[in-house]
Every structure is written in structure tokens, then in C-alpha cells.
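The analysis underlying the following values was restricted to heavy atoms, covering all of them including side chains, and did not include hydrogens, waters or symmetry mates. So you know, we letter chains A, B, ... as the sequences are listed, proteins then strands, and number each from 1.
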Amino acid sequence: MAVYVARRLGSMLATMLVVGIVVFFIIRAIPGDVTSALLGQDASPEQVEALRQRLSLDSPVPAQFAAWLGSIVTGDFGESSYMRMPVLQAIAQRIEPTGMLTLFASVVAVLLGLGLGVIAAVRHNTVVDYAVMFIAMLGLSLPTFWLGLLMIMLFAVYLKWLPAAGYVPLAESPVATLRYLVMPAVALGFSQAAVIARMTRASMLDTMREDFIRTARSKGLPSRRVVLRHGLRNAMMPILTVIGLSIATMAGGVVVTETVFNIPGAGRLVIESVQRRDYPVIQGSVIAVAFVFALVNLLVDLSYLGLDPRVRYS
Amino acid sequence: MVVAPKPRWPRLRSLRVLRQPPVAFGATALGAIVFVALAAPLLVGSGPNDLDILGRLAPPSALHLMGTDDLGRDVWSRVAYGARLSLTVGFLTALIASLVGTLVALVAGYYRWLDEVVMRLLDGIMALPGVLLAIAIMAAVGPRVSNVIFALSLVYLPRCARVARAAVLVVREHVYVEAANALGARDRSIMLRHILPATLTPVLIQATYVFATAVLLEAALSFLGAGAPPDVPSLGAMLAEGRLLMRQAPWITIYPGAVLSLTVLAVNMIGDGLRDALDPRLRKG
């Protein structure tokens, strides 16, 4: 078990290292000098010189990478060239709406995805199954931003049930936060619910063919117990993997959803930074999201330990 | 040693797949959209960038089938040209990502020492959500259609390579590869003639999904203003304009989104049908 955990940690570190390499080279791909990209146009010669020193720009590329990686690992993501504050602070200011949105969207995606997938598998090859699969197909095909816009038209402009756009911080009024997040969470969660539903259905169909399911049924266990305790529990491993990927995908998808619903979160910050050519913030956000992604995947891998005893001994 | 028949080049035994209702629907819809995109100059009355200041925000009518936007540009014309961009970007991304992905998988899967390094690299790229990676690349290289295709190809390359590699790993162990090796066949010939065919079916199926998601991602980039340059009509950019005029002119939002959704839906349905037809193991029970 310790070996398993150590291996997963190692592979997470390796992945983050590669992410670092990719980001490093994207920043280097910007036309012009690195210092002007990172400091903006109106930097003083002293600032430029200080940054050249810090990034070891006069050394060979591997040394530059090592210096850059060193500052990232110690939590120094540089300073926003537009806002003139540390990048991590700029992101932290905007993280609450993004965190809440990702959380709610994940709840929507997991509940809807698992529910629809199980129902489709239990009602295999019936009208219910086909209907669920069609809904899932729509979820995979409709752009989240279009779905969001249609929802605003229907529920905010026409029916006036929900606010069209914006965000209220949790500390001000949790109820208002929820009202503002209903539509964004559904818009963002729906496509991932579709992915989870397809995987749940496929995995459940495989599992429900197993001998132990027949045994459970012939013992006279109630159907619900057979499906949920014996079926879903054993079908869960591939589904969990997909859920992990879905949550990470949504952490990136907030960029679009926050734009649609005018939510002042970290995703909007990325887009604003693109418009302002504020590369340190873009760089910091990409690394931060990749870190969350790697962390979620690590948690999924570790959850296998609890789910499947065989992993513990391998 | 695993004894198995040598994989053949994939072949659809007939066009029977087309008889499944979802595939027939997908093929018809995609055919119609491709036709509109190709014949756009013949089908539209005014160019996608023609301004008509007096006819701003006109609702759909016989003159403007899908109405006009806030600059008086014909929405139908812009949708037709926007579909052109969507299809071009989707197709080229799927083509480049699957070609390069297969090549990477062949080389990495065959020369085992390379495998670990290449796969770690691809995992790292996959650890970045597609939207964010594409935005970061576009921010660095600037708004051009060719850059969008480059960015999206890089986003989807790892997925294609993974799928192809899985097939390579299975085939590599087969007796006929060993036999070819023993007979003195060169590496390149073994890769191309004996291993490549096995990768084509899974890669083709993957390519249809890449097509669909690349169309969505291109639209998302344009919606965010990080995609094609503003003078190129794009469905995503139209939705960004429509968003601000939702109350006065809902048609600017509804039509481009509907065409975009239909395109992706059609490709996805064809993809599912292809998968069922080509890969019996995955066929739904």
C-alpha cells in the first residue's frame, strides 16, 4: 500500500514537472523579449535587470528552467504586470466564486450522471435507456456557453425566476450565492454529467452480468440493494476515474461559464489577463489549475484503496 | 506468445452503418452543414462582413433569413461562413492530431526505451484542461486561424497518441511481428505494414470525437475572444455578440448556437455509429 501511494505521488510530481516544462516553453514562445512579456511595456531598466537576474536569462536554457522552477516551487509566481501585486494574491482574491461554481457543478454532474447512468443500465434497451442516452448525447454536443445563454433567456429574461448574471459572496448571503449559482452550475455540470452517465451505464452493464449479481438476486435480496450495493459499488472504479477527469475539466471550463454569467472569478481573471497581455497571471493560473487537476487525480487513485481491497495488496 | 490473426486494414463491410437511425440522421445533418459551408457564397445574399447600418438588429424576414446583428450584418451569411471555419478547424485538427498521434505512438510503442519519456510528456499535456492550454497558447502566439488549429492539435495530440499506443502495445506482442523481425524485416517496414493497420480503427473512432470537441473548443475560444481574428466570421464570436443583445435580438444567439450544436451532435452520432460498426468488442450489449 505504501508502495502504491509512493508511486502515485511520484507520477503526480512527474506530471507537474512536465506541466512546468510546457508552460515554460509557452512563455518563451511569446514574440519579443521574455522580460517585456512578463513586466509589460513600461518597465524601468532596473526592473528589467532585476528580472533578468532572477530568471538567470544570461545562463543556458536548462539553468533558466531550473531557476524558474525553483521560484515556482517556493510559491513565487512573480508579479502581475497589470495589477502590480503578487500573482498568487491576485488569484486568491478571485478564487471564491470559482471554487463554489466548480463545487456546485461537480455535485450536479455526479448526481445527474450517476443517477441517469444507473437508470439507463437497469432499464437496458428500453425507451427509458434510449431517452437517457439521447440526453447524454445532447450533453456532449451542446456548447456549455450556448446552453447557458438559452437558460438565461428562459429563466431570467422570460420567466424572471433567477438572476441573469453576477455573483454574491457567500459571506454576504448564502441563499443569494446559491440563487446566482444554479444556472452556471447546471450549464457547466450538464456536459460532464453526460460523460459520467455514459461511463456509469457501460460499467453497470458489465457488472450486472457478473455471477455475484445473480447470486445476490437468487438470495432474494431486494432489487434496489442488488443494484446499488452489489452493482454500483463494484462498477465504481472506472466511473471514479471519469469523475476525477470531469471535475478537472470543469475547473478549466469555469473560464467559459464565468464569462457567460459574468461571474468575477479566477476564470474571468484569466481572460482579462489575456486581453491585458498579463502573462505572469496566465502562467500562474495555468499552473494552479494543473495542480488542482493532479491533486484530484491523486485523490481518485487513493480512493481506489478504500474501494477495492486488491489495490491495497498489489 | 500470443497467437492471433494479423489485423487487416479496417473496412466497413458495407454502408450498412448508415441504416442505423442516429447515424443516418448525423450523416444527413452533417452533409447539409458541409453543403451550406462549401456553397456559402452562392447561398447568401450579402457577404458576412457587409454592413447595413439602416437595417441594424432586424428580426428574421424573407430578406434576412436569420435577421441582422447590431452592425446590420446578415446573420444567415455569417452563420454559413462561421460553419466553414468550424468545419475547417475541426477537420484539420482531427487530421493533424491523429496523424501525428499515430506516428508518436508507433515510434514510442515500438522502441520501448522511448515509451516512458514520451508518455510522461503526453500525460503532462493532458493534465492541463483543454480550454486553458489552448488559451495560453493563443495568448502567446496571437490570433490567427492557423494558430487555432496548431493549439487545438496540440491539445488533442495526447489523446490520439494514447489510443494508438494501446493498439500498438497489443499488436507488438503478436507472433507475426516476431516472425517479421526474425525474417529480417526492417523496423520501418514492420511498423508500417504490420503494426500501423491495427491502430487505424481506434484512431479513426477517436478522430471523430476529436473533430466534435475541436469544433466546440474553437467556438469557445472565439466566444472568449481568444480564437480566430475578429474579421473571420465564427459561430463562437457571434454568440459573444449575441450575449450582449439577448433581450433585443435573441436571433443572434439562437441561430449560430443551433447550427453549432447540430454540427457537433451530427459528428458525435456518426462517431458512435462508427464505433459500434468497426469495433465489435465495444458494441452495446
Is chain B contacted by the side chain of [X], its backbone, both, or neither, given a heavy-atom distance below 4.5 Å?
X	answer
A/V270	side chain
A/L149	both
A/V292	neither
A/V22	side chain
A/T144	neither
A/I282	side chain
A/F134	side chain
A/Y279	side chain

Can you confirm whether the side chains of [X] and [Y] place a donor and an acceptor under 3.5 Å from each other?
X	Y	value
B/R73	B/T68	no
A/T98	A/E258	yes
A/S80	A/D278	yes

Under 4.5 Å from any heavy atom of chain A - which part of [X]:
X	value
B/L221	neither
B/A240	neither
B/M269	both

Any sub-3.5 Å donor-acceptor pair from [X]'s side-chain atoms to [Y]'s backbone N or O?
X	Y	value
B/S98	B/C160	no
B/S234	B/S222	no
B/R120	A/A14	no
B/T208	B/I205	yes

Pick from [options] with the largest number of heavy-atom pairs that fall under 4.5 Å of chain A:
options	answer
B/D123, B/L260, B/L128	B/L128
B/G257, B/A226, B/P129	B/G257
B/N268, B/V131, B/L154	B/N268

Is the shortest side-chain heavy-atom distance between A/F261 and A/I152 below 4.5 Å? yes
Can you tell if the side chain of B/M238 reaches within under 4.5 Å of the side chain of B/P233, non-hydrogen atoms only? no
In sequence, state the C-alpha distance, the side-chain angles, and the governing distance for A/D129 and A/R123, and then conclude on salt bridge (Lys or Arg N to Asp or Glu O under 4.0 Å). CA-CA 6 Å; A/D129 182 19; A/R123 297 284 167 86; over 6 Å; no
Residues of residues 210-220 of chain B near chain A, each having a heavy atom less than 4.5 Å away: B/L216, B/A219, B/A220
Residue selection (most heavy-atom pairs with chain B, distance under 4.5 Å) from A/V274, A/T15, A/T259, A/T249: A/T259
For each of A/P143, A/A294, A/A202, A/A290, tally heavy-atom pairs with chain B at distances under 4.5 Å, and name the one with the top tally. A/P143
Looking at residues at least two apart in the chain, or sitting in another chain, which of them share a side-chain hydrogen bond (donor to acceptor under 3.5 Å, both in side chains) with B/R243? none
Classify the ring geometry between A/F24 and A/F65 as parallel (under 30°), tilted (30 to 60°) or perpendicular (over 60°). perpendicular
Can we say A/R198 and B/D272 salt-bridge, meaning some charged N sits less than 4.0 Å from an Asp/Glu carboxylate O? yes
If you compare all heavy atoms of A/T207 against all heavy atoms of A/G231, which two are closest, and at what distance to 0.1 Å? CG2-O, 3.6 Å
